[in-house]
**Student:** 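Let me begin by handing over the structure; questions about it come next.
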Amino acid sequence: MRIGLLTTSFPREEGDVPGTFVLGFARALAALGHSLEVLAPEPFELRFVHPPAWPGVEVHWVRYLPRALERTFYGAGVLDNLTRDPRAWLGTLPFVAALFRAAQTRVQSWDAVVSHWALPCALVAGRLSKRLPHLAILHSADVHLLERLPGSAQLAQQVAASAQALVFSSRDLRSRFLSRLDPVRRLDVSGRAHVSAMGVAPSPAIDEDRESLRRRLGLSGLTLLSLGRLIPIKGIDVLIRAVAELSHVTLIVAGDGPERAKLESLARSSRANVRFVGEVREGVKTAWLRAADVFVLASLKLASGRTEGMPTTVLEAMSERLPVIATHGGGTTDLVEHAESGLLVAPGDAVALRYAIERMRDAALRTRLAEAGFQTAQSYAWPVLAPHFETLLLDGVAC
């Protein structure tokens, strides 16, 4: 099949962080013999003027404003961009129109379409002149917006009507989406509403054992790793407060974002043993995952009600046999069973988080949780997941 893929986030070059799992999805389907044409927002940085390419994956940037004004996507992510930068709002409606025009000019060559982020991509896919089999993949931002926008029930109905199959990245998101529909439509949609985390790709090979990695990275004692964008929902401030009294613990914060300066100041004032190493990409990220002792996801539920969807960083850690501490909420409970495949704590509770970290001083516990987490992660490798997504698309083509 030739598949059109509409998305609001996609890697701007090899190893880029935004939209990594969307690229993973595309490459996994390409590995099954399909070709994909990706339409994604144009980055404003001139160094990304030429779209990247991968075998079987052709990328086209969608220009939605004069380049100097394109601030809606990438960076801290759409929701945080809109919160922090008034200029980001300028691109919202123009992008919808530009995406529709770009898709409409290419739709005749497509056999099916996939949308990542239903708002607006699924809505655009549903209005293309050539009605194609459509798989809509919904993430936390989609459901968060649907719960708050005027006419949310109508928008949810339009998203559901646009696709023959919907995939939610967690059970929580599926439940919340279905609750926006009236009982009759909910019954119709529930049978084609599936749940799956996005997959993880095999890690790149590293010709260095763990002890050598730790020496090179300057690690000793119990080392925690946090990985992700430095934005409020990640709860890094809570994590810093949790480790402030643990002199034997080193926290590695890998990632960048608008909260970095504030978090570095908090770490200094609390005298916590924290190292900020900035954004890390494939090989370097794998090195940190293999060198650390524990992965920590301290995500919060914000006052707006926003939660994490299904952070792929948890699966990446599990796939490297790195034991996980995570907070309840969003999709983490789909992956982490407390005291079986990781430890779960209440979001925002620095004391509970500190206690869980102290428990991880037990090497036997770390080994047991790591092995169970590894077994969970195997179900989410892209070569395992891709045939299921392919089936959802092929079922639509057969119809």
Side-chain angles (χ1 to χ4, degrees), residues 1 3-9 21-22 24-26 28-29 79 111-128 131-149 151-199 305-312 314-315 329-336 376 379-380 382 384-399:
M1 288 188 295
I3 302 166
L5 195 161
L6 313 183
T7 179
T8 59
S9 184
F21 56 81
V22 186
F25 174 94
L29 286 180
L79 293 182
D111 302 302
V113 62
V114 174
S115 59
H116 270 274
W117 287 281
L119 302 179
C121 298
L123 297 177
V124 169
R127 284 166 173 73
L128 295 175
R131 186 71 174 182
L132 293 172
H134 172 208
L135 172 62
I137 301 178
L138 288 86
H139 304 282
S140 59
D142 295 312
V143 176
H144 176 76
L145 286 172
L146 281 171
E147 291 172 334
R148 282 151 187 82
L149 289 173
S152 65
Q154 290 75 19
L155 282 172
Q157 178 185 335
Q158 290 175 37
V159 169
S162 75
Q164 89 274 357
L166 300 96
V167 173
F168 298 84
S169 58
S170 73
R171 291 177 294 178
D172 173 67
L173 294 177
R174 179 184 185 273
S175 175
R176 287 160 56 191
F177 178 87
L178 292 177
S179 73
R180 314 312 296 174
L181 305 174
D182 65 57
V184 173
R185 290 191 177 90
R186 190 180 309 143
L187 186 63
D188 168 62
V189 174
S190 61
R192 50 192 176 88
H194 310 272
V195 175
S196 176
M198 293 296 98
R306 182 182 169 195
T307 63
E308 289 268 26
M310 180 67 77
T312 54
V314 172
L315 282 170
T332 53
T333 52
D334 289 4
L335 298 177
V336 182
T376 297
S379 301
Y380 293 95
W382 275 124
V384 175
L385 285 182
H388 299 288
F389 288 112
E390 179 189 45
T391 296
L392 293 176
L393 284 168
L394 288 174
D395 284 349
V397 172
C399 292

**Student:** Keeping Q164 on the side-chain end and L392 on the backbone end, is there a donor-acceptor pair under 3.5 Å?
**Tutor:** yes
**Student:** Can you tell me if S190 uses its side chain to pair, donor with acceptor, with the backbone of R186 under 3.5 Å?
**Tutor:** yes
**Student:** List the steps, then state whether side chain to side chain contact (heavy atoms under 4.5 Å, CB included) holds for H388 with V167.
**Tutor:** CA-CA 11 Å; H388 299 288; V167 173; over 6 Å; no
**Student:** Show the nearest heavy-atom pair for residues M310 and S170, with the distance to one decimal.
**Tutor:** CE-CB, 4.1 Å
**Student:** Distance-only, no hydrogens or angles: does the D142 side chain make a donor-acceptor pair with backbone N or O of L119 under 3.5 Å?
**Tutor:** yes
**Student:** At what distance, to the nearest 0.5 angstrom, does CG of L138 lie from CZ of R174?
**Tutor:** 12.0 Å
**Student:** Using atom types as modelled, flag every donor-acceptor pair under 3.5 Å from a side chain in residues 192-199 to any protein atom, sequence neighbours excluded.
**Tutor:**
from	atom 1	to	atom 2	distance (Å)
R192	NH1	A160	O	2.9
R192	NH1	A163	O	2.7
R192	NH2	A160	O	3.4
R192	NH2	D188	OD2	3.2

**Student:** Can you tell me how far the OG1 atom of T391 sits from the CG atom of L135, to the nearest 0.5 Å?
**Tutor:** 11.0 Å
**Student:** Rounded to the nearest 0.5 Å, what separates atom NE2 in H116 from atom CZ in F21?
**Tutor:** 7.0 Å
**Student:** Ignoring hydrogens and angles, tell me if any N or O in the side chain of S175 forms a donor-acceptor pair with the backbone of D172 under 3.5 Å.
**Tutor:** no
**Student:** Nearest 0.5 Å please: distance from the CZ atom of F389 over to the CG atom of L29.
**Tutor:** 8.5 Å
**Student:** I need the minimum non-hydrogen distance between R148 and H144, along with the two atoms involved.
**Tutor:** NH1-O, 3.2 Å
**Student:** Spell out, as yes or no, whether a donor-acceptor pair under 3.5 Å connects the side chain of S115 to the backbone of A118.
**Tutor:** no
**Student:** Using 30° and 60° as the class boundaries, would you call the ring planes of F25 and W382 parallel, tilted or perpendicular?
**Tutor:** perpendicular
**Student:** Using side-chain heavy atoms (C-beta onward) and a distance below 4.5 Å, is R180 in contact with V143?
**Tutor:** no
**Student:** For the CG atom of L132 and the CD1 atom of I3, what is their distance to the nearest 0.5 Å?
**Tutor:** 11.0 Å
**Student:** Once rounded to the nearest 0.5 Å, what's the spacing between atom OG1 of T312 and atom CG of L335?
**Tutor:** 10.0 Å
**Student:** For L393 versus V113, what's the shortest heavy-atom pair and its separation?
**Tutor:** CD2-O, 4.0 Å
**Student:** What is the minimum heavy-atom distance between D111 and P133, and which atoms define it?
**Tutor:** O-CD, 3.4 Å
**Student:** Please check: side-chain N/O of R127 versus main-chain N/O of L123, any donor-acceptor pairing under 3.5 Å?
**Tutor:** yes
**Student:** Between the main-chain N or O of G126 and the side-chain N or O of R131, is there a donor-acceptor pair closer than 3.5 Å?
**Tutor:** yes
**Student:** How about C121 and T8: do any of their side-chain heavy atoms sit closer than 4.5 Å?
**Tutor:** yes
**Student:** Using the side chain to side chain contact (heavy atoms under 4.5 Å, CB included) rule, take S169 and I137 through it: C-alpha gap first, then chi angles, then the decisive distance, then the call.
**Tutor:** CA-CA 8 Å; S169 58; I137 301 178; over 6 Å; no
**Student:** Search all heavy atoms of H134 against all heavy atoms of S162 and return the closest pair with its distance.
**Tutor:** ND1-O, 2.9 Å
**Student:** If you compare all heavy atoms of L5 against all heavy atoms of A26, which two are closest, and at what distance to 0.1 Å?
**Tutor:** CD1-CB, 4.1 Å
